[in-house]
Amino acid sequence: MGEARIITTSCSHDCGGRCLLRVHVHDGKIVRIETDDGEAPQLRACLRGRAYRQRIYSPDRLKYPLKRVGARGEGKFQRISWDEALDTVANELLRVRSMYGNASILLLAGSGSQAVLHGAGAVERLLAKFGGYTRTWGIPSFEGALFASMATYGTMMTGNAREDLLNARLIVMWGWNPAVTVWDTNTAYILARAKEKGTRIISIDPRLIESTAVFAAEWIPIRPGTDAAMLVAMAYVIMERRLEDRQFLEKYTVGFDKFRDYVLGVEDGIPKTPTWAEKITGIPRATIEKLAIEYATSKPAALIPGWGPARGSRGEQFTRAACTIIAMTGNIGIAGGYAGGFMRAFHSREMVMPRGARNPVEEGAPPRPYSLYKLRGAAKPTSARIHSVKVYDAILRGRAGGYPCDPKMAYIVASNFLCSYPNTNQGIKAFQKLEFIVVHEQRMTPTARFADILLPVNTFMEREDIISPWLGSPYYLFMNKAIDSLYESKSDRDICAELAPRLGIADYRDGRSNEEWLRIITQQTGDIPDFDSFKAKGYVKLKVDEPFVAFREQIEDPVAHPFPTLSGKIEIYCPHLAEMENPLIPPIAKYLPVPDGFSDPLSKKYPLQLVTVHHKPATHTTMERIPWLDEVEPRRVWINTRDAETRGISNGDRVLVFNDRGKMLMAANVTERIMPGVVSIGHGGWFELDANGVDHGGCTNILTPSEHSPGGAWCTNTVLVEVRKV
Ligand SMILES: Nc1nc2c(c(=O)[nH]1)N[C@H]1C(S)=C(S)[C@@H](COP(=O)(O)OP(=O)(O)OC[C@H]3O[C@@H](n4cnc5c(=O)[nH]c(N)nc54)[C@H](O)[C@@H]3O)O[C@H]1N2
Ligand SMILES: Nc1nc2c(c(=O)[nH]1)N[C@H]1C(S)=C(S)[C@@H](COP(=O)(O)OP(=O)(O)OC[C@H]3O[C@@H](n4cnc5c(=O)[nH]c(N)nc54)[C@H](O)[C@@H]3O)O[C@H]1N2
Ligand SMILES: [Mo]
C-alpha cells in the first residue's frame with residue numbers, strides 16, 4: 001500500500017470528550033484511525049472517534065448545494081451551483097430584512113461543531129454584521145443546572161478537577177454516567193483508579209448504567225423527577241442527627257434557617273422525613289437514612305449532581321437541593337469534596353473567537369423575567385431571545401403569542417433541530433409556516449430535508465482548527481486537516497465569507513486569515529508558548545501541580561475572596577429568587593410535583609415515566625447510521641421485566657411507545673437494569689414517519705414536551721408514555 005501519513009486531530013462534536021485522533025491518510029483517503037499512545041495522560045478516543053471514517057465516507061454525505069423541488073420536508077432536491085445557492089440565500093436574507101426586519105431572521109445554531117473557527121459561530125458573526133437576528137436561550141444540556149449554580153454560587157465554575165476525585169472518601173454519582181457520556185476525557189479512567197484505591201462509589205439513577213456496573217458498590221434506583229425529595233429528606237436526617245457542619249453554614253452561607261423551616265415542616269406543616277420521601281421517590285426510608293448518614297460522615301465526599309436529573313420539569317430544584325446538602329456537610333472548597341452546581345473546572349482556558357459585532361437585535365432589550373440578570377456572570381438574559389423549546393410555538397404564534405418577533409426565516413447551522421429539540425410533530429407543522437429555510441449540513445438529516453436551500457459542509461477532518469476540553473481539563477488540541485474537502489463541500493466560515501459581499505458586508509474575516517486567528521487565540525490562552533510546535537505535535541498537555549478545587553480561595557480566605565453572589569456567600573436562600581415571587585422557582589430548594597411527572601393524573605392514561613438519555617454509540621444525532629456504531633448498541637426501549645410481563649412483551653418484541661404528542665415503533669429491551677414504572681430510550685434517532693405518523697427511526701423527541709421551567713430547564717426527562725405490544 002505504500003506509506004500512509006499520520007495526521008493528528010480531535011473530534012469537535014458535542015460528545016463529552018475531546019480526544020486525540022491519529023488519522024492515517026493514504027493517497028488522500030483516510031484508511032485508519034488510531035488514538036493517543038504517547039505521553040501521559042493519554043487522551044484516548046472512544047468508539048465514536050475511531051469509527052469516524054465511516055461517517056466521512058457515508059453515503060448520505062451532502063455533495064453539492066441543493067435547492068428544494070418537492071414539497072417542504074419531502075426530500076426532493078435539485079443540484080445547483082454554489083453561485084445560485086449563495087445568491088438565493090443572500091436575496092432571501094435581504095428580502096426578509098427589508099420586509100419584516102432583522103428580528104424575523106431566526107438563527108437555530110446547534111452544537112454540531114465546537115471548535116473555535118468552524119461551526120455555528122461563523123453564521124452568528126455573519127448575521128450580527130448583517131444587522132442582527134433572533135436567537136434562542138435555554139441550552140439543552142444544562143440550563144437547569146446552570147440556573148441553580150448561578151443562584152447558589154454566582155458562577156458556573158464550581159467543579160473540581162477529575163484527579164481530585166482520588167482525594168474523596170465517598171463518591172456519589174447522582175444521575176451521572178461518565179462511562180458513557182465521558183464528561184471530559186479520562187473521567188472513567190480516574191473513577192477506575194478511585195475504585196482500585198478502595199473509594200466507595202454509590203450511584204443514584206432509575207437505570208443500572210454502565211458507570212454503576214463498573215464503578216459502584218451500590219445502586220439506588222429512584223423515580224425520575226423526585227430527586228429533590230430524596231435530597232430534602234437526607235437534609236432532614238442530617239439535621240435530626242445534628243450532623244450538619246454548623247460552623248461552615250454560619251461562616252459561608254446565607255438562609256439555612258429558611259431551608260430548615262421548610263424541611264422540618266415549620267413552613268407548610270409537612271416534615272420532610274424519609275417516610276415522606278419514600279412515597280415520592282420509591283426508595284425505602286432506611287436507604288435514605290443510611291445514605292444521609294454515610295454522606296454526612298464521610299468527609300471529604302464528592303456528591304456529583306449530573307445534568308440528567310436537572311433536564312426535567314423544575315430540574316433547577318434538583319441541583320439547588322444537591323448544593324444545599326453539599327453546603328450543609330461543608331464539602332466545598334476542599335480537596336476530595338465537590339460543590340455540585342454547573343461543575344466546570346478550568347485548568348485550560350476556553351478557546352473562543354474574540355467577540356465580533358454584537359447582535360443589534362438584542363442591544364437595549366430588557367432582561368427577561370425570571371433571569372438572574374443582576375449577577376455579573378449570567379449569560380445574556382435578554383428578553384429578545386426565544387427559549388429553545390418554544391421555537392415552534394414562536395413560529396406558529398409570533399408576537400401575538402407573546403414572543404419577541406414574528407419569525408419568517410430560519411437559518412439552521414450545525415443542528416439537526418427537528419430531531420434534537422422537543423416535540424418534533426409540532427416542529428414539522430411550524431416549519432411549514434416559514435417563508436424560507438436554509439440549512440448548513442454534512443449529511444441528509446431529517447432537518448436538512450426541510451431546507452429550501454441546503455448547503456454542503458465539510459467535516460472537521462477536512463479543515464484546520466483548534467479546540468479546548470469540554471469542561472476544562474488541562475490540555476489543548478490542534479485539529480490538523482487530514483484530507484481535502486469532499487465533493488463540493490465547504491466550511492461554514494468559507495460559506496459565510498462568500499455570502500458576506502452579497503449582503504454588503506465588506507469585512508467578514510476582520511482582515512485576518514484563518515491561521516492568523518488561530519495564532520491569536522492560541523496566544524491568548526497564555527498557556528501555549530509556541531503555535532508551530534502546538535500544530536506539529538497536535539496537542540499541549542499542561543503540567544498541573546495540584547488538581548483544581550473550586551472555591552478553595554473563598555473557603556481559605558473568605559474576606560479577600562467572597563463568593564460571586566450578591567451576598568458574597570453561598571445562597572441556600574437566594575434573595576434574587578425571592579424577588580421573582582414565582583412559586584416554581586422558590587428562594588430555597590424544594591421538591592415540587594410536576595405536570596407529566598409520576599403524580600400527574602395523566603399517569604392513569606400514560607403510566608410509564610420516560611427518560612431520554614445520552615446514548616453510548618451516539619453523539620446526539622450526529623453519529624447515526626454508521627454501521628460499526630449501529631452494531632454496538634442498537635437503540636431500543638428499556639422496560640422492566642415486570643412492566644413487560646403485564647403487557648405481554650418479550651425481549652426483542654416490536655412495541656409502540658406513545659402519548660398524546662406522538663407514537664414510535666421500536667424493539668423492546670426487557671431488563672432488570674431499569675426500575676419498574678420507568679422506560680428509557682437513547683436520544684438521537686433520525687425520525688422516519690410512516691403514513692400514519694408513526695416514527696420508525698427512534699426519535700425520542702416525537703414524545704417529549706415543548707415546555708421548560710421558569711429557570712430554563714428542558715423537560716426531556718419528564719415525559720409520560722404507554723408501551724404496547726404490536
Ligand atoms: N455517548 C454520548 N455521550 C455524550 C453525549 C452523547 O450524545 N452521547 N452528549 C454530550 C452532551 S452534549 C451532554 S449535555 C452530556 C449529557 O450528560 P448527562 O446529562 O449526564 O447524560 P444523560 O444520559 O442524559 O443523563 C445521565 C443519567 O441521568 C439519569 N436520569 C435521568 N433522569 C433522572 C432523574 O430524574 N433522576 C436521576 N437520579 N437520574 C436521572 C439517566 O438515567 C442517565 O443515566 O453528555 C455528553 N456526552
Ligand atoms: N429527548 C432529548 N433530546 C435532547 C437531549 C436529550 O437528552 N433528550 N439532549 C439535548 C442536548 S444535551 C443537546 S447538546 C442537543 C444537541 O442537539 P444538536 O445541537 O441539534 O445536535 P445534533 O442533533 O447532533 O445535530 C448536530 C448537527 O450538526 C451537523 N454538523 C456537525 N459538524 C458540523 C459543522 O461543522 N458544520 C455544520 N454546519 N454542521 C455540522 C451534524 O451533521 C448534525 O446533523 O440535543 C438535545 N436533545
Ligand atoms: Mo448537551
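Start at 1 and go down the list; that is how both ligands and their atoms are numbered. Both backbone and side-chain heavy atoms feed into the values below; hydrogens, waters and symmetry mates do not. Since the model is a prediction, treat every value here as computed from it, not as a measurement.
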Please determine whether side chain to side chain contact (heavy atoms under 4.5 Å, CB included) holds for the pair L608 and V678, giving the CA-CA distance in whole Å, both sets of side-chain angles, and the decisive distance to 0.1 Å. CA-CA 5 Å; L608 297 168; V678 184; over 6 Å; no
With heavy atoms and a 4.0 Å threshold, my read on which part of F318 contacts ligand 1 is neither
Which pairs with one or both residues in residues 680-689 pass salt bridge (charged side-chain N to carboxylate O under 4.0 Å, His left out), sequence neighbours excluded? R625-E688
Would the H614 and W307 ring centres measure less than 6.0 Å apart? no
In order of chain and number, which residues sit within 4.0 Å of ligand 2 by heavy atom? H13, D14, R55, G110, S111, G112, S113, P140, S141, R311, V413, A414, S415, N416, S420, Y421, H440, E441, Q442, T445, V457, R463, D492, T612, H614, T619, H620, T621, T622, H683, T700, N701, T704, W714, T716
Please report whether ligand 1 has a polar contact with N177, defined as an N or O pair separated by less than 3.5 Å (distance criterion only). no
Under the side chain to side chain donor-acceptor pair (under 3.5 Å) rule, collect the residues that match up with E350, sequence neighbours excluded. none
Below the 3.5 angstrom mark, is there an N/O of W183, backbone or side chain, next to an N/O of ligand 1? yes
Should the proximity of W470 to ligand 1, defined as any heavy atom under 4.0 Å, be assigned to the side chain, the backbone, both, or neither? side chain
Less than 4.0 Å between a side-chain N and a carboxylate O, is that true for K481 and E464? no
Are E498 and R493 close enough for a salt bridge, meaning some N to O gap below 4.0 Å? no
Would E316 and K590 pass as an ion pair if we require N to O under 4.0 Å? no
Return yes when G225 approaches ligand 1 closer than 4.0 angstrom through a heavy atom, no otherwise. yes
Residue set satisfying side chain to side chain contact (heavy atoms under 4.5 Å, CB included) with T622, at least two apart, ordered chain then number -> H13, R55, T619
